[in-house]
Amino acid sequence: MAYDPSVYESRRRGYSENYAATAAANQYSRTLAQQRGARQRMQALRQYETAQPQLVRAYSQRNLVSPSVRSGLFSRAMQEFGSERARGLSEFDLGQAEQMRGFDLEDARLLQQYRAALGDLEAEKAREIADAARQLFAFRAGAA
């Protein structure tokens, strides 16, 4: 059996193209997730921004807040509102970071899979070269 490097080069190119395509798809998914996350975060911020004046208005209608009056109930409600806003945005940011780590993990998995395939290909190529060399040596030894 003769060694044919074109077979291995073709397979290597296929592995490279497959890795490039899947890595690009993962990167595109990551970009879309980041854009979606940014829109969702902006929407959440807008909801908090519209809710805050409504909260203030509700307390001012009950005469619990004015330029000269600040009740403890109003102060506590604003603290709770601020805490809820901070907690909600923090949870959202943590979720986004976790999703980005998932894309990073997928990138690492794809790269490892690609490297393993190339390593297996190189090992197979080395075995075929060694086998061809053994056959050639055996042929030369028999011809002498």
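Applying the salt bridge (Lys or Arg N to Asp or Glu O under 4.0 Å) criterion to Arg11, with sequence neighbours excluded, gives Glu124. Gln54 pairs by the side chain to side chain contact (heavy atoms under 4.5 Å, CB included) definition with Arg57, not counting sequence neighbours.
Each of Arg13, Glu128, Lys125 was evaluated against Tyr8; a single residue qualifies, Glu128, per the side-chain hydrogen bond (donor to acceptor under 3.5 Å, both in side chains) test.
To the nearest 0.5 angstrom, Asn26 atom CG is 9.5 Å from Tyr19 atom OH. Between Ile129 atom CD1 and Leu136 atom CG the span is 13.0 Å, to the nearest 0.5 Å. For the atom pair Asp107 CG and Gln112 CD, the distance stands at 13.5 Å (nearest 0.5 Å).
Under the 4.5 Å side-chain heavy-atom criterion for ILVMFWY residues, no single connected hydrophobic cluster contains both Tyr114 and Leu105.
Side-chain heavy-atom separations under 4.5 angstrom define the hydrophobic clusters, and the remaining members of the one that includes Leu32 are Tyr28.
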Side-chain donor/acceptor pairs under 3.5 Å, residues 72-82, sequence neighbours excluded:
unit_1 : atom_1 : unit_2 : atom_2 : d
Ser75  : OG     : Ser71  : O      : 3.3

In residues 92-104, what donor-acceptor pairs under 3.5 Å come from side-chain atoms, sequence neighbours left out?
unit_1 : atom_1 : unit_2 : atom_2 : d
Asp93  : OD1    : Arg41  : NE     : 2.8
Asp93  : OD2    : Arg41  : NH2    : 3.0
Glu98  : OE1    : Arg101 : NE     : 3.4
Glu98  : OE1    : Arg101 : NH2    : 2.6
Asp104 : OD1    : Arg30  : NH1    : 2.5
Asp104 : OD1    : Arg30  : NH2    : 3.4

Which is it for Thr31 and Gln35 under the side chain to side chain contact (heavy atoms under 4.5 Å, CB included) test, yes or no, and what are the steps along the way? CA-CA 6 Å; Thr31 300; Gln35 290 173 349; 3.9 Å; yes
Would Gln43 and Arg39 satisfy side chain to side chain contact (heavy atoms under 4.5 Å, CB included), going step by step from the backbone distance to the final call? CA-CA 6 Å; Gln43 183 181 10; Arg39 282 191 306 270; over 6 Å; no
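A salt bridge links Arg12 to Glu9: at least one charged side-chain nitrogen sits closer than 4.0 Å to a carboxylate oxygen.
Here salt bridge (Lys or Arg N to Asp or Glu O under 4.0 Å) pairs that include residues 109-119, with residues two or more places apart or in two chains, are Glu106-Arg109.
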